[in-house]
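In what follows, a single structure is set out as structure tokens and then discussed.
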Amino acid sequence: MKVSSLVITLLIFVSSFSFAQKHTLSGYVIDSESGESLIGVTIYVEEMKAGTVTNVYGFYSLTVPAGTYNIKYSFIGFQTIAEQIELTQNIKKDIELGTNSEVLREVVIEAEVEDDNVRSTEMSTVKMNMAEIEKLPVLFGEVDVLKTITLMPGVQSAGEGNTGFYVRGGGPDQNLILLDEAPVYNASHLLGFFSVFNADAVKEMELMKGGIPSEYGGRLSSVLDIKMNEGNQRKTTVKGGIGLIASRLTIESPFFGATKDKASFIVSGRRTYADIFLKAAPDTSLRDAKLYFYDLSAKVNYKLNDNNRIFLSGYFGRDVFAFGDSFGFNWGNTTGTARWNHLFNDKLFMNMALIYSDYDYNFNINFSEDVGFGLKSGIQDINLKTDLQYFPNTKNNIKFGANLIHHTFIPGEFVSDNIDSESFAVVEKKAFEYSLYVGNDHKITDRISSNYGLRWNSFSVIGPGEEYSYEEDGETIKDTAVYEQFELAKTYGGFEPRISVNYTLNNQSSIKASYNRMRQNVHLLSPSTSGTPIDLWLPSTSIIAPEIADQVALGYFRNFSKNKYETSVEVYYKDMQNQIDYKQGTNIILNPTVESELLFGRGWSYGAEFLIRKRKGSFTGWIGYTLARTERQFDGVDNGVVYPSRYDRTHDISVVASYTISERLTVAATWVYNTGNAVTFPSGKYEFGGETINFYTERNGYRMPAYHRGDLSLTLDGKKRDKFNSSWNLSIYNIYNRMNAYSISFRDSETAPGTTEAVQLSLFGIIPAITWNFKF
Amino acid sequence: MKNGLKYWQAMVLVLGIGFSACEKVIEIDLNEADIKLVVEGNVTNGAGPYLIKLTQSGAYFGESTYNRAEGASVTISDDAGNIDILVEQDAGMYYTQNLQGTPGRSYTLDIDFNDVSYSSTVKMPVAVVVDTSFSYEDDGSSSLFVDPGFYVLGGFMDTKELDYYRIQAFVGGDSLVEVRTPWDGNPVEDFQLGAIDGVSSQLFVNPFIAFKSQDTVTIMLNSVNKNSYDYFVSLSESKASGGGGFGSIPQNPPSNISNGALGFFDAYTEDQFTVVID
């Protein structure tokens, strides 16, 4: 009796749904040539005037009422495919998009659906896929991911001789750099000349400067998410280049004997030999110097069945600087990721990942064969994260998940081969961080769409370890609290709301606005005037509070001439709390109480970014201009006045142009200009102890001279052949040989005793490079 | 281990030189800061007179002539009721007349120059007295930090509190080394001042450089206070970096004189001993 009433209730329930019977069309979109999954492919349903995009694994899911629909699959650089699909049940449809004119499907339509910069809720974002990356100007024979993003408005390179980049006035540690989801702590080789990412293996890169969705967190200013290729599923390809300064090689292939699209791998490596030139240096002491970097990445993917796929990837890279046997300095990242994609059903997609990431530097000095010492410092993360995506209908794309990270910070370890000095280590710091998030990409009406979400972040310092508390003078240790393993020392937690809204004015233009709050619990201490690889990573502690940023941005996006030209203007304001500065004489090396030498204060930055971009045709490129200001205020600096941050650059201009002269010849050029960094110069001098002493009045009250530089690159493709293709590339860095200032120092004059002078050091003049690239 | 930064500098230069770096003197516009009074002087527990030198700062470019501050009124008083009015015997050089520095006393310097008053107060730390001294030979084989030669040690009783010392070694009037160091009386942690086995309550001054046979070595040991230590460490860093791409963020060393005067007024104890190496 109870059962039958239950059944009746159930039947009524079910029948009420049948009026709006919905079915799901889902599947993967891949590159027809390589089988590589494509990220961000637009799938548009004409009749619904709505659609979706493929996720980072190439998966899409559309739930619509039963019926017949015209569906368009389109992606920049690929031929659009249109299909008519009758949806009377759930359909699994995998699509292959091709770049060349081979007809793969019944109907191919050339209609342009490339206005997603206008229609998506994304703002403050720079996205590039492989096809676009390959067209960019080349430096030293290679396309460089980091160099490219610094050419976008709002992003500034830290400058020659410096690693890192600044986004909207934030420091270099405020950018979360992810390589296949693993955090990379130092993304540059060789003083910022090369990034650690080999463009041959990169599938897509996305830089979010603002309006960051809730699935990302951990740093204040930006997220640079780089996805590697999975590896050609269809045929073995080898590509690479041999150049004057660096060489690289990438091999990708399906596993031999595997069925189609089942399993493949990609291995990619690179090395420079810049130090070869030092052998011919005029200064003989330099001839023994070694200066090079190498990196290696490998990835394997295996499709268990239609609903399960596994990926294993790893990266290993190192910069090495050595003087014969007596002195060596090396640093680098190691990452490893194991991921599992699982489809619960056609609407629920999950990615689960286990990630290991390590950054460290090593310093070795050897006095003789068995006498020497070493200094080491670093950071290690083990990360378990799960990300789920639920596609209930065409109007909503819900994401939720969790991220658990165990951090180990090694602030400094001194190891001695010598019996006299003992090995000494600053106590390791361990921390446990977890985040939970939920978010939705919601198409609210025809004109209004929004991405909103909430993230919760919690960070705890855990044992084994020690936490110090200090006396009133801020420097003497009052108390040392010792923690056992897994014991919680200090916990910080907070919400991070995120929202961005797009109001589409018409097909050509839209207005977007966003707000996000970000929290950051890893801090890079960099007390020198410019960054170095020996800068120290520290967690939040009972003394160092988490950094928090709130950013609002507003933008107007307009396309012209049928999406041939994209333009945008965006203004932003970012408020940063708990920023870090340094007391005089801060020592970050082997210093257990370094946190007592820090000062804490506020920062804020604001600016306007302008961009005009042409993405199609034989002439492509963009012009970006940023007008911005970023300031800091610390009670302990300059008596608490507001002063410009060292990252403050008033004007930043980038011009990038690429022109296909003929089928085989492409020329590309860049020109960059930026106001110099804010620096502290003396405003007077005096005598003390018989010597001249510089007198400083305001922090960062001066500017370095403006920086500008032009680069040119010429690529000549070899004749197009079936099996083997090659090209020659000539690139010239700093084509008009402007000696830009790296540093300016003040000292007693060597030529005119009794006076003082300013001396400017420039690092790089004109540097040509020739590379031969090949692919087969 | 600040060497870390130096090696990084070397690497940047190597890369730069390999690729055509260049250095050149440039013209640059600098603001002219207000002229400040610069105070340099100290009170010790040795015999007076003590000297306070007053000069003025100047614009950065141009001749490095530093005007002496003449005609100022300078007094030093202590917390035992003594007041000494200093007499300007040379331009900008003011000497005490009868003050005798005593450890443990606080000294206040008052300056009136160009209608502006400046003041500074320091406390002289407790005195250290070196009561034993000797030299020994080391052939340098035991440790990588030790060159072969003769080493000099002087023993003294430490207060067991956190103290700061300055050690200078002279051979025939030339200062060979100057070291400033904190010392909290715990022999395990500090590796500048060493402790000798079997003698637990005494600490030894060790300038850590090797001397030659027949050298007449004079070691001077000063007990200074923390502000003095901070000032001089900051000063040496500021001299080393000179601004520019390397080195710490340029800042003025923390002066202990009011009203924006530069320099430092110090009070420290001194003791010295001489050893002739045979």
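Below, each value reflects all heavy atoms present in this structure, side chains not excepted, and no hydrogens, waters or symmetry copies. In what follows, chains carry the letters A, B, and so on, assigned in the order in which the sequence lines appear, proteins first and then strands, with residues in each chain numbered from 1.
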Response to the item:
In terms of heavy-atom contacts, A:Tyr696 and B:Pro250 come closest through CZ-CB, 3.4 Å

Practice prompt. Report the distance from atom CD1 of B:Ile26 to atom CD of A:Gln760, rounding to the nearest 0.5 Å.
Written response: 4.5 Å

Worksheet item: Can you name the closest pair of heavy atoms from B:Asn31 and A:Glu698 and give their distance?
Response: ND2-OE2, 4.1 Å

Item to complete: Below 4.5 Å from any heavy atom of chain A, which atoms of B:Ile28 appear? Answer side chain, backbone, both or neither.
Response: side chain

Practice prompt. Classify the angle between the aromatic ring planes of A:Phe746 and B:Tyr60 as parallel (below 30°), tilted (30 to 60°) or perpendicular (above 60°).
Written response: perpendicular

Discussion item. Would you compute the distance between atom OH of A:Tyr742 and atom CD of B:Glu23 and round it to the nearest 0.5 angstrom?
Written reply: 12.5 Å

Worksheet, complete the sentence: dist A:Arg699:CZ -> B:Gln251:CD (nearest 0.5 Å) comes out at 5.0 Å

Item to complete: Examine whether an atom of A:Tyr702 lies under 4.5 Å from a heavy atom of chain B, and if so say whether it belongs to the side chain, the backbone or both; otherwise answer neither.
Response: side chain

Practice prompt. Supply the atom-to-atom distance B:Asn252 CG to A:Tyr686 OH, rounded to the nearest 0.5 angstrom.
Written response: 5.5 Å

Worksheet item: Is it the backbone or the side chain of B:Leu262 that comes under 4.5 Å from a heavy atom of chain A, or both, or neither?
Response: side chain

Response to the item:
When every non-hydrogen atom of B:Leu235 is compared with those of A:Phe688, the smallest separation belongs to CD2-CD2, 3.8 Å

Practice prompt. Please state whether the side chain, the backbone, both or neither of B:Val25 comes within less than 4.5 Å of a heavy atom of chain A.
Written response: both

Worksheet item: Who among A:Ile693, A:Thr697, A:Asn700 has the most heavy-atom pairs with chain B under 4.5 Å?
Response: A:Ile693

Worksheet, complete the sentence: Counting heavy-atom pairs under 4.5 Å with chain B, the top scorer among A:Thr751, A:Val637, A:Val759 is A:Val759

Fill in: Gap between atom CZ of A:Phe695 and atom CD1 of B:Ile35 - 0.5 Å precision
11.0 Å

